[in-house]
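A short worksheet on the structure shown next.
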Amino acid sequence: MAIETMVTPGGVRAVMEGLAATYRGRGSVELGEPYRVLVSTVISQRTREEQTTAVSQRVFARYPDMASLAAADEKELLVLLAGSEYREAKGPRLIAMATILLEKYGGRVPDDIDALLALPGIGRKTANCVLIYAFNREAICVDTHMHKIANRLGWVTTKTPEQTEKALEVVMPRDLWAGSNRLFLQHGRAICLSGAPPLCSRCPVRPWCAYGQEPTARKR
DNA sequence: AAAACGGGGGC
DNA sequence: GCCCCAGTTTT
């Protein structure tokens, strides 16, 4: 019979501190220029970090601002996007997005969740990332790693990332929101793997984890 | 809520 | 060749 562990803000903080002590950045948030944050975050969708960085550098070198991206040739952009997943959808959406922002917002990135969500190619994950890294806002950006790990820890029992976002808003102390995504991303890549069994024996927060208590790892 | 979308890189 | 991967959109 597993020990029932109530999830509390204090318990969440303990785990977050364990992750912060382990991973790069320590849970701090590095801000960036809004245009670059927006575009690189779209590029990062379903794409590994190394490829995101490489592709973003190429795109920024060719399209340094909103106006140049709005005026981009689609074929040319598609070539630069090689290495980013779903590039054939992202290319046209990036141009459409930049065009809208140029016409309706003077080329600025809106500091508003609903305005961001209304843009083509922008969902909850990307919109919250932009609020956090471009505007230093307190938001929770739930990607697949965060969704998976929050469920494994036993913090939430949710089916969708949006449900996870809402549930975490309740149990996670607000000062930890913005930096949480980076920590969970690194943890998910290094230890708390998606497919194969997670590497629980090397996990810095195993003592607090529901999944880590199970005698035999099973998929979840 | 589940399926479609769709390709580069690592093994 | 096979499988995985910082989601978004459509059914």
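- Across all strands, A:Pro161 comes closer than 4.0 Å to no nucleic acid atom at all (heavy-atom distances).
- When the P atom of B:dG6 is taken as reference, atom CG of A:Leu81 falls 15 Å away, rounded to whole Å.
- In this structure, the nucleotide among C:dG7, C:dC5, B:dG6 sitting nearest to the side chain of A:Glu88 is B:dG6.
- Mapping A:Ser44 and A:Arg93 onto DNA chain C by nearest heavy atom places A:Ser44 closer to the 5' end of the strand.
- Regarding contacts with the backbone of C:dG7, a side-chain N or O of A:Thr144 is found under 4.0 angstrom from either OP1 or OP2.
- Taking atom CZ of A:Arg124 as the reference point, atom P of C:dT9 lies 12 Å away to the nearest angstrom.
- Taking atom NZ of residue A:Lys90 and atom P of nucleotide B:dA4, one finds them 20 Å apart after rounding to whole Å.
- The partner of B:dG6 is absent, by the rule that a Watson-Crick or G-U pair needs both atom distances under 3.5 Å.
- Straight-line distance from the NZ atom of A:Lys125 to the C1' atom of C:dC5: 12 Å, rounded to whole Å.
- Positionally, the nearest nucleotide of DNA chain C for A:Arg189 lies more toward the 5' end than for the other of A:Ile122 and A:Arg189.
- Straight-line distance from the CE atom of A:Met97 to the P atom of C:dG7: 17 Å, rounded to whole Å.
- Counting only heavy atoms from C-beta outward, the side chains of A:Leu81 and A:Leu94 approach each other to under 4.5 Å.
- Inspection of the A:Thr41 and A:Thr126 side chains reveals no N or O donor paired with an N or O acceptor under 3.5 Å.
- Of the candidate nucleotides C:dC5, C:dT8, B:dG6, C:dT8 has the atom lying nearest to any side-chain atom of A:Thr126.
- Between A:Arg46 and C:dC5 there is no side-chain N or O to OP1 or OP2 distance below 4.0 Å.
- A:Ile43 comes within 4.0 angstrom of no nucleic acid atom, judged by non-hydrogen atoms across all strands.
- Here C:dT8 presents its P atom at 14 Å from NE2 of A:His147, a figure rounded to the nearest Å.
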When the side chains of residues 175-183 of chain A are checked against the rest of the protein, which donor-acceptor pairs come out under 3.5 Å, sequence neighbours left out?
residue, atom, partner, partner atom, Å
A:Asp175, OD1, A:Arg13, NH2, 2.9
A:Asp175, OD2, A:Arg13, NH1, 3.2
A:Trp177, NE1, A:Met172, O, 2.8
A:Ser180, OG, A:Trp177, O, 2.6
A:Asn181, ND2, A:Cys141, O, 3.0
A:Asn181, ND2, A:Asp143, OD2, 3.1

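- Under the 4.5 Å side-chain criterion, counting only non-hydrogen atoms from C-beta, A:Tyr23 is in contact with A:Ile191.
- Taking 4.0 Å as the cut-off between side-chain N and carboxylate O, A:Glu33 and A:Arg108 do not count as a salt-bridged pair.
- OP1 and OP2 of C:dC5 both lie 4.0 Å or more from every side-chain N or O belonging to A:Gln45.
- You'll find that the side chain of A:Arg87 is closest to B:dG8, out of B:dA2, B:dG8, C:dG7.
- To the nearest 0.5 angstrom, A:Lys159 atom NZ is 8.0 Å from A:His147 atom NE2.
- A:Glu162 places its CD atom 16 Å from the P atom of C:dG7, with the value rounded to the nearest Å.
- No contact: A:Ser84 has no heavy atom under 4.0 Å from any strand.
- To the nearest whole angstrom, the two C1' atoms, one in B:dG9 and one in C:dT8, are 22 Å apart.
- A:Leu117 places its CG atom 9 Å from the P atom of C:dT9, with the value rounded to the nearest Å.
- For B:dG8, the OP1/OP2 oxygens have no side-chain nitrogen or oxygen of A:Gln51 closer than 4.0 Å.
- Heavy atoms of A:Gln163 sit under 4.0 angstrom from primed sugar atoms or phosphate atoms, though from no base atom.
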